[in-house]
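The next block holds one structure in the form of structure tokens; read it before the comments.
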Amino acid sequence: MADYQPPRGRSPVLYPVVATGMWVYANLAFDVSVVGPRGRHPEPGTLYIAPHRAETDVPIVCGSFYISSRSWSRTWPHLHFAARDDLFEPGFFAGFMRSISPRTRRRLHGLSIESYLPCVQVRPIRSATSMRLMQAVAAVPGGLSLAEALPEFADSLAERARILELPPPTTIADIRRGEFADLLWVTVDSDRLSAEAFADAWRRRAAEAMTDLRSLIDLIRAGEPLLLFPEGRPSQDGAVGPIQRGLGVLTRRGKPDRIRAFTIAYDTLSEGRTAVCVSAPSPVGPLGKDAEAELDRYLARTFPATVSQFVARALVHEAAEGRDTMSPSELAERVRCGAAEACAAGRPLDRALVAESRRVRRLDEALRTLARSGAVVRQGARRVGLNRPRILSDPTLARLVKEDASVQAATRAQARGLSG
């Protein structure tokens with residue numbers, strides 16, 4: 001057993017306050033539904049994983065988990081969280097938030113929540129091969145020449161200084177201020193940031209990443225339930241996965257009794273508050289040697305099917321085939337067939353796909369949403385005009401299609417494995 005001793009008392013007072021706040025925010029901002037067996041959560045010896053779809057995943061998943069599991073009524077166990085390490089950085093809010101003024105960014109630059117995160121059982125997990133540019137800048141001497149240390153970024157930083165009427169930055173120390181935080185909030189790897197000045201920073205990064213991994217392994221071996229996002233960052237294009245390599249190491253060495261997914265799908269073509277489906281499927285037992293591939297297939301099987309996925313699939317396919325119109329009844333049949341296909345693959349269904357009346361209402365919402373964006377044009381009750389260029393270039397539809405395609409590919413791979 002590891003040296004780690006799990007706490008048996010009640011969780012810190014911040015834990016229920018923050019978790020309840022997340023639940024309130026999630027249900028004010030989104031139309032959240034939870035499908036699948038609720039069960040007793042959190043369970044000792046369980047590793048919980050949640051595919052990362054968007055930055056809003058955390059309050060939705062964690063708030064739903066806390067309330068539905070009645071975690072406030074238990075003394076132990078309480079869920080631990082593994083979070084990306086940049087959340088612990090003093091400049092997190094200044095870099096992460098995009099649409100804010102330079103003055104606000106400057107004020108947020110020194111704000112840190114690092115000391116509060118352990119109070120809600122959040123632990124950092126670093127990558128040995130990548131970090132934020134802001135972290136790299138903080139790890140080297142301030143007197144380094146900006147042009148020599150960061151030649152790729154020097155021009156954009158100088159342009160920002162010109163726009164804000166600041167002195168032109170010439171050293172690393174000159175860019176350690178809030179006005180540059182968003183420009184430094186980019187992920188870099190050792191190939192992109194290969195100057196000798198950063199060699200020690202990369203070595204320290206590798207050592208810290210190993211320490212983080214060992215800490216999580218000790219936590220799991222002690223029987224503490226842990227939740228993490230296995231992809232590390234929200235999906236950039238909508239694809240589900242791939243799983244980071246470190247998760248396989250974590251499961252093989254930590255040896256959790258079971259792994260349970262909490263998967264989330266955004267029905268982005270819904271009206272009003274975006275509909276969100278959270279799935280709490282049955283767990284899987286100990287994994288084999290190819291843990292990453294097994295988890296990829298497991299997550300695909302547990303990923304909720306939504307009306308938006310099947311609407312996007314149908315419209316993009318027909319637009320690519322050169323069709324200019326489509327009937328609502330044909331689109332409804334495509335959605336119904338997609339739901340049947342997902343059900344046959346063992347995937348959970350959003351409640352709007354289960355009841356016909358809800359499915360029809362959500363399909364109408366999707367068409368109205370697409371009509372407002374100009375992707376479709378209602379031509380009476382029986383025809384829908386397809387704006388093919390708009391459909392094929394729409395980022396929301398492209399993301400939904402990528403999401404659907406990646407899940408289909410993983411479920412087909414699982415079916416081949418079972419038949420083999």
Side-chain angles (χ1 to χ4, degrees), residues 22-23 25-36 47-66 68 81-84 86-87 96-98 122 125 187 227-244 247 259-270 272-281 292 295-313 316 338 342 345 347-353 362 366 369 394-411:
M22 287 183 174
W23 181 84
Y25 161 76
N27 284 272
L28 287 175
F30 300 94
D31 180 9
V32 181
S33 62
V34 181
V35 298
L47 175 63
Y48 294 90
I49 56 176
H52 215 344
R53 313 307 302 152
E55 296 292 356
T56 49
D57 292 351
V58 174
I60 294 173
V61 172
C62 297
S64 299
F65 182 101
Y66 183 79
S68 65
F81 305 91
R84 65 196 206 196
D86 58 32
L87 187 64
F96 172 73
M97 300 177 69
R98 295 294 176 180
V122 178
I125 181 166
T187 301
L227 172 68
L228 54 79
F229 293 90
E231 297 125 323
R233 295 279 191 271
S235 174
Q236 297 299 306
D237 60 1
V240 180
I243 300 299
Q244 286 193 327
L247 184 57
I259 296 175
R260 184 186 290 272
F262 280 91
T263 49
I264 182 170
Y266 292 82
D267 203 349
T268 47
L269 300 181
S270 55
R273 292 179 300 159
T274 300
V276 175
C277 181
V278 181
S279 167
E292 292 89 344
L295 286 172
D296 273 331
R297 294 192 290 269
Y298 171 59
L299 289 179
R301 189 177 74 247
T302 64
F303 195 80
T306 67
V307 171
S308 290
Q309 292 167 14
F310 303 133
V311 168
R313 181 204 296 184
V316 170
R347 290 175 57 194
L349 301 182
D350 179 22
R351 291 173 181 170
L353 287 170
R362 187 65 60 78
T369 300
D394 186 279
T396 299
L397 293 176
R399 184 178 179 87
L400 288 165
V401 168
K402 187 72 173 181
E403 179 180 271
D404 178 60
S406 65
V407 172
Q408 285 191 75
T411 52

Gap between atom [atom2] of [Y] and atom [atom1] of [X] - 0.5 Å precision:
X      : Y      : atom1 : atom2 : value
Leu87  : Phe81  : CG    : CZ    : 12.0 Å
Leu299 : Ile49  : CG    : CD1   : 4.0 Å
Tyr298 : Ile259 : OH    : CD1   : 8.0 Å

Closest non-hydrogen atom pair, [X] against [Y]:
X      : Y      : result
Ala265 : Gln309 : CB-NE2, 4.2 Å
Phe303 : Pro348 : O-CD, 3.9 Å
Pro281 : Ala261 : CD-O, 3.0 Å
Ala312 : Leu400 : CB-CB, 3.6 Å
Ala305 : Phe310 : CB-CZ, 3.7 Å

Taking the side chain as every heavy atom from C-beta outward, state whether [X] and [Y] have any pair of such atoms under 4.5 Å apart.
X      : Y      : answer
Pro230 : Leu295 : no
Thr396 : Thr369 : no
Arg399 : Ser235 : yes
Val35  : Asp350 : no

Within the side chain of [X], is there an N or O that forms a donor-acceptor pair under 3.5 Å with the backbone of [Y]?
X      : Y      : result
Arg260 : Leu47  : no
Arg362 : Thr306 : no
Arg347 : Thr302 : no
Ser308 : Leu269 : yes
Asp267 : Ser270 : no
Arg351 : Val34  : yes

Which atom pairs, donor and acceptor, lie under 3.5 Å between side-chain atoms of residues 54-61 and protein residues at least two apart or in another chain?
from: Glu55; atom 1: OE2; to: Arg84; atom 2: NH1; distance (Å): 3.3
from: Thr56; atom 1: OG1; to: Tyr266; atom 2: OH; distance (Å): 2.8
from: Asp57; atom 1: OD1; to: Ala54; atom 2: N; distance (Å): 3.2
from: Asp57; atom 1: OD1; to: Tyr266; atom 2: OH; distance (Å): 2.7
from: Asp57; atom 1: OD2; to: His52; atom 2: ND1; distance (Å): 3.0
from: Asp57; atom 1: OD2; to: Arg53; atom 2: N; distance (Å): 2.4
from: Asp57; atom 1: OD2; to: Ala54; atom 2: N; distance (Å): 3.0

For Arg313, what residues pass the salt bridge (charged side-chain N to carboxylate O under 4.0 Å, His left out) criterion, not counting sequence neighbours?
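Glu341, Asp404.
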
Side chain to side chain contact (heavy atoms under 4.5 Å, CB included) between Val278 and Thr263: does it pass, once the steps are laid out?
CA-CA 6 Å; Val278 181; Thr263 49; over 6 Å; no

Who are the side-chain hydrogen bond (donor to acceptor under 3.5 Å, both in side chains) partners of Ser33, not counting sequence neighbours?
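Per chain and number, Ser33 pairs via side-chain hydrogen bond (donor to acceptor under 3.5 Å, both in side chains) with no residue.
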
